[in-house]
Every structure is written in C-alpha cells, then in structure tokens.
Amino acid sequence: MEHAVRVAELRKTFDVAEREPGLKESVKSLIRRRTREVKAVDAISFDIASGEVVGFLGPNGAGKTTTLKMLSGLLYPTDGEARVLGHIPSKRERDFLRRITLVMGNRNQLQWDLPALDSYELNRAIYRIPREDFAPTRDELIELLDVGDLVRKPVRQLSLGERMKVEIVGSLLHRPQVLFLDAPTIGLDVTMQKRIRSFVADYNQRYGATVLLTSHYMADVEALCQRVIVIHHGSILFDGRLAELARTFTAHKTIEVALADGVRDLSAYGEITQRDGDVVTIRVPKVETARVTARLLAEQEVLDLNVEDPPIEDVIELVFAQERPEQRQE
Amino acid sequence: MNALRVTWLFFKVGVLNELQYRVNFVVQLFQSAIALTVGLVVLALVYSHTDELNGWSQPELVCVLGIQILMGGAIKTYIQPNMTRLIDDVREGKLDYALTKPEDAQVLVSVREVRIWQVVDLVSGSIVLGVGLSEISTGVGALDALAFAGALLLGGVMIYCFWLVIATVSFWVVNMWTVVELFDGVFQTGRWPVGIYPGWLRYSVTFLVPIAFAVTVPAEAVTSRLDWQTLVLAVGFAAVLFTFTRWFWRYGLRNYTGASA
Ligand SMILES: Nc1ncnc2c1ncn2[C@@H]1O[C@H](COP(=O)(O)OP(=O)(O)OP(=O)(O)O)[C@@H](O)[C@H]1O
Ligand SMILES: [Mg+2]
C-alpha cells in the first residue's frame, strides 16, 4: 500500500526561557538567560496509508499540534525524518503545499472584515486553481456544509461554528489530498460537531483523501477513525485500532447483569460501578472475567449478561493519566 | 508571474477592507495637513535667516521635503503595515497560515496589507515636490527625471529591506516595537539633505537606515546634482542588501517556532 505520511524518529525540542516571577528576577534574566529544553515531540514514528483517516489523540501539551506543524512544513524538525506525499515538508515545495491543508480549530485565516467569498478568491490565486475548477469545487463545498448565506457575510459577524465551516471550505478549495485537522470541532456544539464529522467522512470518501485529525472529543474519533495514534509527553503510547486501545490499556472489563429476582448484593463478584434499575454493572479484572461470569451464571438467576470493554472515555482517561516514563525525566 | 497576481489581489482585498473604515480618511487628511504645515513653516523659518543651506536653495529644500513626504507615504501605505503585521504575527504565532501556502513566503508577508488612505501623503508629497520644482529656474531634464525615478525605486527597495531585516529579527527577539517606533523619528532626518549632518549620523542614515538613499539621492537627481558614482553605489548597495535580506529571512524562517496552540 502506498503511504501518504511516513514519520521516522521525528523530534522537536523547544528552548524556552525560564525565570522566576518578579522584578529582581527579570533583571537577572536580562544578564543571564536561563533556558530549558522542552521535548515537545520525542522520536515518534508512524506511517499512514493514503486514504486512511487516523485519529491523533493525547492530552493537552502532548505534542499533537507540534507534530502536525512539522508535517505541514511550518516547523523544522529538530531531528528525524518526515515525508508527506513523498516530499520533505520543511522544504516547503509548492507541489507539496498545493496538495495538503492544515486547519486549526482555534485560528482563522480568512479576511476578518470581508465576506469569505473574497478570501476564497485570494486562495484561488495563491493556489493557482483554474477558474473552471474553482467555481464548481467552491459551490460543492458550500453546499455540503450548507453555508450559502454565511459566505456572503463579513467573517467577523459569524459565530464560532459558522466561522469554522467557512474556514473549512476555504482550506479545501484546492482539493488537498492530505488533510491535517487540528481540533476542528473545538468549542462547537454537538450538532455542529456532527456536521463537520460527516463532512470529513464525506470528503474522505469522495476524494480518497488522507486525514490526520486531532480532537479531544471521543465522538469525533469513534465516528471517523478506524485507527488511532495516542501520543503523550511527546512519545507514542499506542498505535492501532480503537477497539484495541481498550484491550491494551485496561486491566478490567465490565459485566452488565440483569437478575430475575431484582436487586441483590453482588459486591462479592467484583466492584459495583453502576446500578441502573435491575441492571448492575460490575468491574472485574480482565483475567478473571471468565471465572466471574461462570460463577454468576451458576449462582444467580441471570436474565441477561453482557461483557464489555469499558467506555472509550474511561480508557482514554486512564491512558492520559500515565506517568511520564522514567528515562524521560530531566 | 503568479506573485504579481497575488500581490494585485491582496491589494484589491486591502482596498476593500480599508473602504469599510472611511473615517480613517479624514483622520489621515488631518494628520498629513499638520505634518505638511509644520514642515513648510520650519523651512520658511530657516530661510528667513539664510539664502542657502549647505548648497541647497529654498525651493530645492522644498523638493527634499516633498520627496520625504512622498517616500514616507509609500512606506506607510505598504511597507510598514506589512512589516508590523509580520512582527505581530510572529509574536502571536499567527504566521502559520502564510507558511502553508504554495507561494513564496517573503512575497506573501510583504503584500498582505495596504493602508490606502496614506495615499493622501503620496498626493501631497507630489504636490510639494511639484511646487518646489516649479520654482527652480533650471528645470528638470529627461535624464534627471529618469535618474530620479530609478533612485526613488532603489530607495524604496532599501527601506523595504531594512524593515524586513528588523521584522525577521523578531523571530528571536520578542519585542521589536521599540525599533519600529524609533524608525518614525529617524525618518524625520530625511527632511534635510544628509550632507548637513555630522559624519557618524550621515553614515548611519545612509547605510544603517537607508534614508539618504531613499530621500536625499532622489532629491539630488531631481536637482541635477547626482553624480553617476552615487547612482552606481545605490544600485550596488540595493542589490547587496536585497540578497542579504532574502538570505536572512530564510534563515529566520528556519527558526520560526510559532506559538503553542
Ligand atoms: N512555540 C513553542 N515554544 C515553546 N514551547 C512550545 C511551543 N509550542 C509548543 N510548545 C510546548 O510543546 C509541548 C507540546 O505542545 P503542542 O502544542 O504540540 O501540544 P498539543 O498536543 O497540541 O496540546 P493541545 O491538546 O493542548 O492542543 C507543550 O509542552 C508546549 O508547551
Ligand atoms: Mg494543539
């Protein structure tokens, strides 16, 4: 399979100036600047096949944005190699830049005081999109995201969600083959999130585009990504199918049981995490799942029983709570 | 050339933007009128005591004033707004989008803004220059006019380079605003031919901040006192400065870290 993105041992360290608060300390720092190295991305490697939609997960400060910026040619890697569509991003070759896009949920790139349509014209010139391709693509995107009225209003008059939609139209006019979406649904309401989600899925289907998406909303990831890469403290903790994630990171499973004779104390079987009418949820260590299930079936009058992995939110919380690995301590 | 097309489109968009803030036009008119009046009054005062200053007659100095206003207008229409935006963008990490575009980044950061109301200065500078010229008995030859246009262009390029270097330094040094404010003050030295200044200052406003090339040299051309050596020096210095600036800008980009977001 052809690879759209290849990353090998990619690193980025930032030198950050550091000083104590206060006047005396600022004067001191004038004379001797103290800097500290922040390893934002620490030797990560992964490949993404073309046409794949991959979720890039990690807590705040994990290094997601830094990675996306390196992949789109904004930041020079400190070390290691990145290739996107066969290009080295930091060279910022035109052929490369014309085939990718970077959308950042908390930034806007459209002219603030003008209707988005004017900014689209600018992009047409910058990306050298032939007129006969431009209008159909624009109109199609406008229709897909249902922003026909919004693109005629000055951008500053749009709500956060409306602005995100017209931003997305603007960043896809050149029909990029690789999309780096950095928290595209941040701050949006549930309906709007769904809208953007289904749009991304649609775009991926239509054009076979490769998508690398970060989000703090698990719903985005569950809906869009077959595969997730989890990054934490700049290192990759997990790379695989979403369902695998739970299996790798939790030592527990949950058993949902409904009993024929209603309420009973089941705490002898494991930790009771929820009681919803007649349905009781029990958390048990993974290795004991089979044994506990068997015991339950033998000893109780079970109406219904379900063994499940814990909800993805809980898994992620668990993953994010992991300590910084020993060798990385400064 | 796509760069030209992009420049032109940004210009149009910039004008559209500015048209939304018509009040600025009135403010600009007012500012320009004050600046012009002050300039003329000072000139009148100086020449009420003397007939010539370092070999320059009063109408010739009116020409210098006109060119200084003209050049100042050009700087404030185009160069300064783009470069101050660049400094802001670097500090706030907003340069990101300009760098993901398949167009030369230097071109993009240099043409994104235009302050169209500064045209007032372009017009009033031209009028002052015209008035000054009309009082010079010798008139302006075709060659002088050509040299003037060339010198003006070279001067503009050098001022642009100066600004881009300053803006690029902001990749490392966060607070470049003091330098920006300093420029406005230093540019006022261009009101007078640099020959009147002591050596150290003269060299500073020639090679450090190329005001001499931007104002005095064109004024020399239009008053028929430009020698060819100066023109050659201007061409050479502009070429060297431009090459250095481009290299420095690219070097700076490698060090761009943006802001965390
Ligand atoms: N320009 C910069 N200068 C210094 N440090 C930076 C810079 N950009 C990022 N960092 C640091 O690098 C680390 C990773 O930041 P990054 O923005 O990649 O995180 P993230 O995973 O995108 O987080 P979030 O989910 O909050 O957006 C953080 O510790 C951050 O403080
Ligand atoms: Mg981020």
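Each chain gets a letter, A, B and so on, in the order its sequence line appears, and its residues count up from 1. What you see is a predicted model; the values in this text were computed from it and never measured.
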Problem - Intermediate values then yes/no, side chain to side chain contact (heavy atoms under 4.5 Å, CB included), A:L74 and B:Y97 - result: CA-CA 9 Å; A:L74 279 178; B:Y97 280 126; over 6 Å; no

Practice task
Apply side-chain hydrogen bond (donor to acceptor under 3.5 Å, both in side chains) to the pair B:K94 and A:Q109, showing each step before the final yes or no.
Solution key: CA-CA 9 Å; B:K94 288 201 300 200; A:Q109 62 168 330; over 6 Å; no

Measuring from [X]:[atom1] to [Y]:[atom2], what's the distance to the nearest 0.5 Å?
X: B:T100; Y: A:F96; atom1: OG1; atom2: CZ; value: 9.5 Å
X: A:L122; Y: B:R112; atom1: CG; atom2: CZ; value: 11.5 Å
X: A:L114; Y: B:K12; atom1: CG; atom2: NZ; value: 12.5 Å

Completion exercise
Residue from B:L95, B:N17, B:L108, B:V6 scoring the most non-hydrogen pairs under 4.5 Å with chain A is B:N17

Problem - Contact winner vs chain A - B:L99, B:L9, B:L253, B:D104, heavy-atom pairs under 4.5 Å - result: B:L99

How about [X]: does its [atom1] atom have over 12 heavy atoms from other parts shown lying under 6.0 Å from it?
X: A:Y207; atom1: OH; answer: yes
X: A:R128; atom1: CZ; answer: yes
X: B:W247; atom1: CH2; answer: yes
X: B:R5; atom1: CZ; answer: yes
X: B:F207; atom1: CZ; answer: yes
X: B:Y203; atom1: OH; answer: no

Practice task
Using modelled atom types only, decide if a donor and an acceptor are shared between the side chain of B:N2 and the backbone of A:A125 within a distance under 3.5 Å.
Solution key: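 Yes; at least one donor-acceptor contact below 3.5 Å.
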
Contacting moiety of [X], where chain B heavy atoms sit under 4.5 Å:
X: A:N123; answer: side chain
X: A:N108; answer: backbone
X: A:Q111; answer: side chain
X: A:F14; answer: side chain
X: A:R92; answer: side chain

In terms of heavy-atom proximity below 4.5 Å to chain A, should [X] be classed as side chain, backbone, both, or neither?
X: B:N255; result: neither
X: B:E103; result: both
X: B:A98; result: backbone

Practice task
State, to 0.1 Å, how close A:R98 and B:P102 come at their nearest heavy-atom pair, and which atoms those are.
Solution key: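 Closest approach of A:R98 to B:P102: CG-CG, 3.8 Å.
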
Handout entry: Heavy-atom pair with the smallest gap, counting every atom of B:R254 and A:Y76
Key =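 Result for this residue pair: CZ-CE2, 3.3 Å.
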
Exercise for the section: Select, from A:D95, A:D113, A:T101, the one with the greatest count of heavy-atom pairs under 4.5 Å involving chain B. Expected result: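 Ranked by contacts with chain B, first place is A:D113.
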
Problem - Side chain to side chain, A:R107 and B:E92, heavy atoms closer than 4.5 Å - result: no

